[in-house]
Structures are given as C-alpha cells and as structure tokens.
S.K.: 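Take this structure first; my questions come after.
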Amino acid sequence: SGNITVKSHIEFGAPSRKILDVVKKRSIDTIIMGSHGTSGLREYFIGSNAEKIVRLSNVPVLVTKNYYKAPMKDIVFPNTLETQDQEELVRKVKDLQAFFKARVHILYVNTPTNFTADNITLERLKDFARRFAFRNYTLNIYNYPFEQAGIINFTKSIKADMIAMGTHGRVGISHFLNGSLAEDVVNHADCPIWTFATREK
C-alpha cells in the first residue's frame, strides 16, 4: 500500500497522562502500544500504562505484547449481546475486520454467576449477528468459571490472532472494587488486544 509517514514527539511526565494529552491535542484516532502486562500486587495497586490507557482513552487502543508478524485472520469479539448502545463499538469492530480481511468470532462466555442455557444464548447470538448485519463470522458459546480466563482460553483454543472488545471505561472506586474485564484481558492475554471504551452520555 502507500507510504507511511512517521513523526516523532517527546513529552516529559506520567506516560499515560501524556499519551492521552497528545491524542487529544493532535486528534489521534487510534493508540497502538506495547505492554508486558502486570501481575500480583502491582496489578492491583499500580496497573500497567496500557491498562490505564485502556481505561481512560476515548479512542480505540491496540495493545500488543510481542512482535507479531502473522496476518490477522481471526478476531475474537467477546460480547454481552445487548443490542442497545453498541452501534459505535460494532461499527469499529467491523472496520477492524475489514482492514485485516479477517473472520470475526462473536463470543459469549457463560459463567456460573451469569449462567444462561445454551439454547437461549444461541438465539441471542443469532439475533445479535442479524441486528448488526455481520458478515464472515462465527457464533460461539464458551462455558468457563471466569469471563476473563474464558475469553483468553477460547482465543487460544481456536488459535485466533486478536481479541477485540468493548469496555465501559469504569473509573473511581467502582473500578477498584470490580476491576475492568478489558483491562484484565490486556494484562493476561498473549495476543494483540484491541479495545474501545463506550461511555455513558
């Protein structure tokens, strides 16, 4: 394709705050960044820069852990299957799919605390795919004790190349108590993760 122009810029200060400042000032539409993830106490009290960006960014964020040379053929799209207030997220996921010419695997993780019978979930998956006119996709139910680990294990089981997911950009004390699924996946998945925060208006 065409040439890519690279511009360098140096800022001094807290990385996550400065990155978001530059994104806003320069009208950047996507953030791409590397991360080593975090674990243990550091994960709960500090969090990685990538986690902070995922939580606070108003634009999509693509996080990668390693150099990734293979084509992005399969994208896992975990979802709660609600049909309200998902138009912008779904549009961006479909743009991502078109860019990579990939197949999207729409995923519902069925957990004991949020259990739904598979026949009901399958109908919801079908309605979701029809409602948003997906093409080149699969519908998937994955039963697992925890949602974050279910997303990661399903992604590994089909050897998918990327996870694309929405987050509500939870902040403050509710974030600390409940955590954010997208941030947890960013910290623990090995493949590239694309996130987009949908916020209440």
Side-chain angles (χ1 to χ4, degrees), residues 35 37-39 43-44 47-48 50-51 54-55 60-65 72-94 96-97 100 102-170 174-200:
S35 173
T38 58
S39 59
E43 179 178 350
Y44 290 101
S48 68
E51 179 184 341
V54 165
R55 186 187 319 149
V61 181
L62 176 60
V63 179
T64 184
K65 304 291 178 71
M72 299 285 175
K73 293 180 180 176
D74 293 281
I75 299 172
V76 173
F77 180 32
N79 202 279
T80 58
L81 308 179
E82 305 297 330
T83 55
Q84 287 186 328
D85 302 321
Q86 292 224 50
E87 285 82 2
E88 189 175 13
L89 170 64
V90 169
R91 179 174 53 80
K92 289 183 181 295
V93 168
K94 288 165 84 173
L96 190 70
Q97 176 187 21
F100 287 114
R103 172 172 288 190
V104 168
H105 303 274
I106 304 169
L107 171 66
Y108 183 85
V109 177
N110 206 16
T111 65
T113 55
N114 197 23
F115 178 79
T116 308
D118 282 359
N119 62 320
I120 294 171
T121 304
L122 183 58
E123 288 307 311
R124 292 185 66 214
L125 279 161
K126 289 176 181 176
D127 289 345
F128 183 82
R130 278 194 299 263
R131 164 74 175 79
F132 294 109
F134 275 94
R135 293 185 176 189
N136 193 17
Y137 67 92
T138 68
L139 303 176
N140 305 272
I141 302 166
Y142 195 71
N143 297 292
Y144 210 79
F146 304 103
E147 199 170 2
Q148 169 232 319
I151 292 167
I152 292 170
N153 285 329
F154 172 80
T155 301
K156 287 179 180 176
S157 75
I158 67 165
K159 296 181 171 62
D161 307 293
M162 178 187 290
I163 299 167
M165 60 190 300
T167 176
H168 290 295
R170 188 185 299 129
S174 64
H175 162 76
F176 184 77
L177 294 174
N178 300 317
S180 163
L181 182 60
E183 292 165 39
D184 289 343
V185 172
V186 163
N187 275 334
H188 297 104
D190 294 327
C191 66
I193 307 101
W194 176 99
T195 66
F196 177 64
T198 54
R199 303 178 190 279
E200 293 181 6

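As the structure is a computational prediction, the values presented were derived from the model and not from experiment. Values below: every heavy atom of this structure, side chains too, minus hydrogens, waters and symmetry copies.
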S.K.: Going by the side chain to side chain contact (heavy atoms under 4.5 Å, CB included) test, name the single residue among V185, I193, T155 that passes it with V76.
M.R.: T155

S.K.: Could you measure the distance from the CD1 atom of I141 to the CZ atom of R124? Nearest 0.5 Å is fine.
M.R.: 10.5 Å

S.K.: Where is the tightest heavy-atom contact between F77 and A164, given as atom of each residue plus distance?
M.R.: CD1-O, 3.1 Å

S.K.: What is the distance from atom OG1 of T121 to atom CG of N140, rounded to the nearest 0.5 Å?
M.R.: 12.0 Å

S.K.: Measuring from atom OH of Y142 to atom CD1 of I158, what distance do you get when rounded to the nearest 0.5 angstrom?
M.R.: 10.5 Å

S.K.: Run the side chain to side chain donor-acceptor pair (under 3.5 Å) test against T80 and tell me which residues pass, sequence neighbours left out.
M.R.: none

S.K.: How many angstroms lie between atom OG1 of T138 and atom CG of L107, to the nearest 0.5 angstrom?
M.R.: 9.0 Å

S.K.: What residues form a side chain to side chain donor-acceptor pair (under 3.5 Å) with D118, not counting sequence neighbours?
M.R.: none

S.K.: For F100, which residues count as a ring-ring contact (aromatic ring centres under 6.0 Å, His included) partner, sequence neighbours excluded?
M.R.: none

S.K.: For residues 125-137, tabulate all N or O donor-acceptor pairs below 3.5 Å that involve a side-chain atom, not counting sequence neighbours.
M.R.:
residue: D127; atom: OD1; partner: R130; partner atom: NH2; Å: 2.5
residue: R131; atom: NH2; partner: E87; partner atom: OE2; Å: 2.8
residue: N136; atom: OD1; partner: R103; partner atom: NE; Å: 3.0
residue: N136; atom: ND2; partner: A102; partner atom: O; Å: 3.2

S.K.: Got a second to check how far F115's CZ is from N143's CG, nearest 0.5 Å?
M.R.: 7.0 Å

S.K.: Is the shortest heavy-atom distance from the side chain of Q97 to the side chain of M72 under 4.5 Å?
M.R.: no

S.K.: Quick one, T116 and N110 - any side-chain contact, counting heavy atoms below 4.5 Å?
M.R.: yes

S.K.: Any idea which heavy atoms bring G150 and Y144 closest together, and the distance?
M.R.: N-CD2, 3.6 Å

S.K.: For Q86, check side chain to side chain donor-acceptor pair (under 3.5 Å) against everything at least two apart and list the hits.
M.R.: N79

S.K.: Go through the structure and list residues passing side chain to side chain contact (heavy atoms under 4.5 Å, CB included) with N119, not counting sequence neighbours.
M.R.: A117

S.K.: How long is the span from the CD1 atom in I152 to the CD atom in E147, to the nearest 0.5 Å?
M.R.: 11.0 Å

